Chemist: 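I'd like to ask some things about the structure below.
Predicted model, so just to flag it, every value in this text is computed and none were measured.
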Amino acid sequence: MITKRRWAARVCILLAVLGAGPVPVSAAADEPAAKEAPKVELVLDVSGSMRARDIDGQTRMAAAKQAFNEVLDAVPAEVRLGIRTLGADYPGDDRKRGCKDTRQLYPVGPLDRTEAKTAVATLAPTGWTPIGPALLGAAEDLKGGAATKRIVLITDGEDTCAPLDPCQVARDIAAQGIHLVIDTLGLVPDAKTRQQLTCIAEATGGTYTTVQHTDELSGRVRQLVKRAADPVVTPVATRGAERCTDAPQLQPGLYTDRASFGQHRWYRVDVLPGQELRASVTVSADRAVNNDYGVMLRAVTVRGREIVRGSESGHGRTDAISTGLRYPKAPRDGIDFDPDEDDDAEVKPAAETVCLEVSNAFAAPPSVKTTPGMPVELTVDLVDAPDAASDVASFGLGRGWWLLGVLVLAGLLAGLVWGWLSRWRIAVWRTN
């Protein structure tokens, strides 16, 4: 009897092991592959011109070191960061040697903050400005894998090693299809430096920023390093028209265009009943502009009636200025429509074509080139329209004519009440 029970127990244990064994394997197979850590390499100009003392009362090199220390303290744990220098080692006049003066100061990988800060502290302004060779070296440092890759170039001058054009180097890097973005920052740049750095950034879908203060440098570099850990959205190049009838039809997404000073650009978006259009625009001042400027985004019907607008103004030199708007379209007869739902409805609601007008009030001195136009970034999104009365947009106050009507009606009622009270007081006074 005891023997039978032991055999039964052994059989139960064996069945349990066989039944439970495959579970961990199956669970492991169902787990998604770990996302590869994003890679960033900071490329710092250490050429002789970095000795200039024009950033917050200190040299450009001292400002860069201070900013780097702040950036290294804020690097996200998931980012693999490296540092490359240009012009840091050769102080002589041999152009051939000076144009090879670029090296990796800190390898791309998990960050040891103390070690990286120590390496940066040893730098001193020395030699040439081989931007093209430095970009090629940084691309080589970041090669391999499917991770997000980003180069952040910080320099105070244009390349001194032509004919290796750094702008062409950036185009060649973009043509490799390795999804590497180059962002550029100019320390107190002149017009030629600004033009070259803008070209480098635009070739790979990156951004250019003018920097004149230490806090601007550290803040912008921190922002770019953190951006590397975020999903990358590639903007779609488009070309706005001079009037709505010729405007390109846009779907939800991110778009880029260029607009000259004071130019109006038109785009079209179809909005279904039950949807809300959300749009925003950013115009980048990528050159020296006059003080007092602005940008406006309007939503207009095809017949020219303004629906809603957003505007923003600025004063002084900034890198970008943005504004946005919301336009909710009420469901037809209280019935919402889902464009992604495949139903058998015989009649589908017609979409309303909304014209988006982007205009700017920038101006510049006569010495500043007006072509190409300034970079414009337009974001378009369509979401479910709000249905709560507490939402200002659903109530309609986001449209200027609704608000105007409410104010006129309120003023009329207040006038009638005040007039009646005045007549009543006069009548009482005469009686007494």
Chemist: Kindly indicate, with the supporting measurements, whether the criterion side-chain contact (heavy atoms from CB on, under 4.5 Å) is fulfilled by Tyr267 and Val380.
Modeler: CA-CA 10 Å; Tyr267 314 87; Val380 176; over 6 Å; no
Chemist: Side chains of Glu312 and Ser322, heavy atoms from C-beta outward: is any pair under 4.5 Å?
Modeler: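 Contact flag for Glu312/Ser322 side chains = no.
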Chemist: Please round to the nearest 0.5 Å and tell me the distance separating atom CZ of Arg150 and atom NZ of Lys226.
Modeler: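 Rounded to the nearest 0.5 Å, the CZ-NZ separation comes to 14.0 Å.
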Chemist: Check the surroundings of atom CD in Glu242: do more than 12 heavy atoms from other residues, nucleotides or ligands lie under 6.0 Å from it?
Modeler: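 Incorrect, the count does not exceed 12.
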Chemist: Testing the 3.5 Å rule here: is there a donor-acceptor pair between the side chains of Thr214 and Gln58?
Modeler: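 Note: Thr214 and Gln58 side chains meet the donor-acceptor criterion.
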Chemist: Counting C-beta onward and ignoring hydrogens, is there a side-chain heavy-atom pair between Leu81 and Leu42 closer than 4.5 Å?
Modeler: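 A side-chain contact under 4.5 Å exists here.
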Chemist: Start with the C-alpha distance between Gln104 and Glu41, add both sets of side-chain angles, then the distance that settles side-chain contact (heavy atoms from CB on, under 4.5 Å), and finish with yes or no.
Modeler: CA-CA 9 Å; Gln104 192 175 41; Glu41 182 145 271; 3.0 Å; yes
Chemist: In this structure, which one of Arg265, Arg309, Arg298, Arg268 forms a salt bridge (charged side-chain N to carboxylate O under 4.0 Å, His left out) with Glu357?
Modeler: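 Option passing the salt bridge (charged side-chain N to carboxylate O under 4.0 Å, His left out) with Glu357: Arg298.
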Chemist: Could you tell me if the side chain of Ile154 sits less than 4.5 Å from the side chain of Val43, heavy atoms only?
Modeler: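 They are not in side-chain contact.
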Chemist: Rounded at 0.5 Å granularity, tell me how far CD1 in Ile131 sits from SG in Cys167.
Modeler: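 Spacing of CD1 (Ile131) from SG (Cys167) equals 11.0 Å.
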Chemist: Can you see which heavy atom on Val71 is nearest to which on Ser218, and at what distance?
Modeler: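 Smallest interatomic distance, heavy atoms only, reads CG2-O, 3.8 Å.
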Chemist: For Asp156 and Ser49: C-alpha separation, side-chain torsions, deciding distance, then whether side-chain hydrogen bond (donor to acceptor under 3.5 Å, both in side chains) applies.
Modeler: CA-CA 7 Å; Asp156 69 336; Ser49 59; 2.8 Å; yes
Chemist: What are the two closest non-hydrogen atoms of Glu36 and Gly144, and how far apart are they?
Modeler: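 Glu36 and Gly144 have their closest heavy atoms at OE2-O, 4.4 Å.
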Chemist: At what distance, to the nearest 0.5 angstrom, does CD of Gln176 lie from NZ of Lys143?
Modeler: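 Going from CD on Gln176 over to NZ on Lys143, the span is 10.5 Å.
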Chemist: How far apart are the closest heavy atoms of Leu272 and Ala350, and which atoms are they?
Modeler: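 It is CD2-C, 4.3 Å.
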Chemist: Tell me, do Thr155 and Leu187 make a side-chain contact under 4.5 Å, heavy atoms counted?
Modeler: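 Thr155 vs Leu187: side chains apart.
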Chemist: Mind checking the OG1-CD1 spacing from Thr323 to Ile321? Nearest 0.5 Å is all I need.
Modeler: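 Reported value, rounded in 0.5 Å steps: 8.0 Å.
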Chemist: Output yes when Arg113 and Asp73 qualify as a salt bridge under the 4.0 Å nitrogen-oxygen rule, no when they do not.
Modeler: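 Here Arg113 does not pair with Asp73 in a salt bridge, since their nearest N and O are not under 4.0 Å apart.
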Chemist: With a 3.5 Å distance limit and no angle check, can you tell me whether Glu140 reaches the backbone of Gly137 through a side-chain donor-acceptor pair?
Modeler: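 Absent.
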Chemist: Between Gln66 and Ala62 (side chain of the first, backbone of the second, donor and acceptor by atom type, cut-off under 3.5 Å), is there such a pair?
Modeler: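 Pair absent, no side-chain N/O of Gln66 close to backbone of Ala62.
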Chemist: Please report the shortest heavy-atom distance between Ala170 and Thr204, naming the atom on each side.
Modeler: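 The answer is O-CG2, 3.6 Å.
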Chemist: Is any side-chain heavy atom of Ile182 closer than 4.5 Å to one of Leu135?
Modeler: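 Sidechains of Ile182 and Leu135: in contact.
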Chemist: Distance-only, no hydrogens or angles: does the Thr126 side chain make a donor-acceptor pair with backbone N or O of Ala124 under 3.5 Å?
Modeler: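 Indeed, once roles are kept as given, a pair shorter than 3.5 Å links the two residues.
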Chemist: Considering non-hydrogen atoms only, spot the tightest contact between Thr301 and Cys355 and give its length.
Modeler: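 Heavy atoms of Thr301 and Cys355 come nearest at O-SG, 4.1 Å.
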Chemist: Sub-3.5 Å donor-acceptor pair from the side chain of Thr102 to the main-chain atoms of Thr85, do we have one?
Modeler: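 Yes; judged by distance alone, with no hydrogens or angles, the pair exists.
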Chemist: To check you understand the geometry: which heavy-atom pair defines the closest contact between Ala228 and Val40, and what is its length?
Modeler: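 Smallest interatomic distance, heavy atoms only, reads CB-CG2, 3.4 Å.
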Chemist: To the nearest 0.5 Å, how far apart are CD in Glu377 and OG1 in Thr379?
Modeler: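 These two atoms lie 5.5 Å from each other.
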Chemist: Are Leu44 and Leu105 packed together at the side-chain level, in the sense that at least one heavy-atom pair is separated by less than 4.5 angstrom?
Modeler: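 The answer is no, as the side chains (C-beta and beyond) never meet within the 4.5 Å cut-off.
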Chemist: Consider only side-chain N and O atoms of Thr209 and Arg220, and report whether a donor and an acceptor are under 3.5 Å apart.
Modeler: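 Checked: Thr209/Arg220 side chains pair up, N/O donor to acceptor below 3.5 Å.
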Chemist: To the closest 0.5 Å, what do you measure between CG (Leu254) and CG (Asp381)?
Modeler: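 Taking CG in Leu254 and CG in Asp381, the distance rounds to 11.0 Å.
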Chemist: Is Lys329 salt-bridged to Glu352, cutoff N-O under 4.0 Å?
Modeler: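 The answer is yes: the pair qualifies as a salt bridge.
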Chemist: Mark yes when over 12 heavy atoms from residues, nucleotides or ligands other than Gln195 sit less than 6.0 Å from its CD; otherwise mark no.
Modeler: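 No - once you tally the heavy atoms of other residues, nucleotides and ligands closer than 6.0 Å, there are 12 at most.
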Chemist: Which residue is it: Leu185, Leu197, Asp183? I am looking for the one with a side chain to side chain contact (heavy atoms under 4.5 Å, CB included) to Leu153.
Modeler: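 In the set Leu185, Leu197, Asp183, the residue that makes a side chain to side chain contact (heavy atoms under 4.5 Å, CB included) with Leu153 is Leu197.
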Chemist: Hey, does Val376 have a side-chain heavy atom less than 4.5 Å from the side chain of Thr256?
Modeler: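 A side-chain contact under 4.5 Å is absent here.
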Chemist: Quick check: does any side chain N or O of Asn360 sit under 3.5 Å from a backbone N or O of Val295, one acting as donor and the other as acceptor?
Modeler: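 A pair under 3.5 Å: no.
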Chemist: Return yes if some donor-acceptor pair links the side-chain N/O of Gln196 with the main-chain N/O of Asp159 below 3.5 Å, else return no.
Modeler: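 Checking the backbone N and O of Asp159 against the side chain of Gln196, a donor-acceptor pair under 3.5 Å is found.
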Chemist: Would you confirm whether Thr193, through its side chain, and Glu158, through its main-chain N or O, come within 3.5 Å as a donor-acceptor pair?
Modeler: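 Yes, Thr193 side chain to Glu158 backbone: donor-acceptor pair under 3.5 Å.
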Chemist: Taking atom CZ as the centre, does Arg239 end up with more than 12 heavy-atom neighbours from other residues, nucleotides or ligands that are less than 6.0 angstrom away?
Modeler: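 No.
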Chemist: Do you see a donor-acceptor pair shorter than 3.5 Å between the side chains of Thr238 and Asp257?
Modeler: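 The answer is no; no qualifying pair exists.
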Chemist: Could you tell me whether the side chains of Asp172 and Gln168 share a donor-acceptor contact shorter than 3.5 Å?
Modeler: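 Distance-only check passes for Asp172 and Gln168.
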Chemist: Counting N and O atoms only, with roles assigned by atom type, does the side chain of Arg51 sit under 3.5 Å from a partner on the main chain of Pro125, one being a donor and the other an acceptor?
Modeler: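 Such a contact is found between Arg51 side chain and Pro125 backbone.
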Chemist: When you compare the side chain of Arg84 with that of Tyr106, does any pair of heavy atoms fall below 4.5 Å?
Modeler: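 No - every pair of side-chain heavy atoms lies 4.5 Å or more apart.
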Chemist: Between Glu276 and Arg278, does the salt bridge (Lys or Arg N to Asp or Glu O under 4.0 Å) criterion hold? Intermediate values first, please.
Modeler: CA-CA 6 Å; Glu276 178 179 279; Arg278 296 183 179 181; 2.6 Å; yes
Chemist: Apply side-chain contact (heavy atoms from CB on, under 4.5 Å) to the pair Asp45 and Thr129, showing each step before the final yes or no.
Modeler: CA-CA 7 Å; Asp45 181 356; Thr129 312; 3.8 Å; yes
Chemist: Given 3.5 Å as the limit, does a donor-acceptor pair link the side chain of Lys65 with the main chain of Lys117, or not?
Modeler: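 Pair absent, no side-chain N/O of Lys65 close to backbone of Lys117.
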Chemist: Using the rule given for side-chain contact (heavy atoms from CB on, under 4.5 Å), can you reason through Ser284 versus Thr207, listing the C-alpha separation, both sets of side-chain angles and the distance that settles it, and then say yes or no?
Modeler: CA-CA 10 Å; Ser284 299; Thr207 59; over 6 Å; no
Chemist: With a 4.0 Å cut-off on N to O distance, would you call Glu70 and Arg222 a salt bridge?
Modeler: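 Yes, this pair counts.
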Chemist: For the backbone of Ala279 and the side chain of Tyr327, can you confirm whether one donor and one acceptor N or O come within less than 3.5 Å of each other?
Modeler: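 The answer is no, because no donor-acceptor pair under 3.5 Å joins these two groups.
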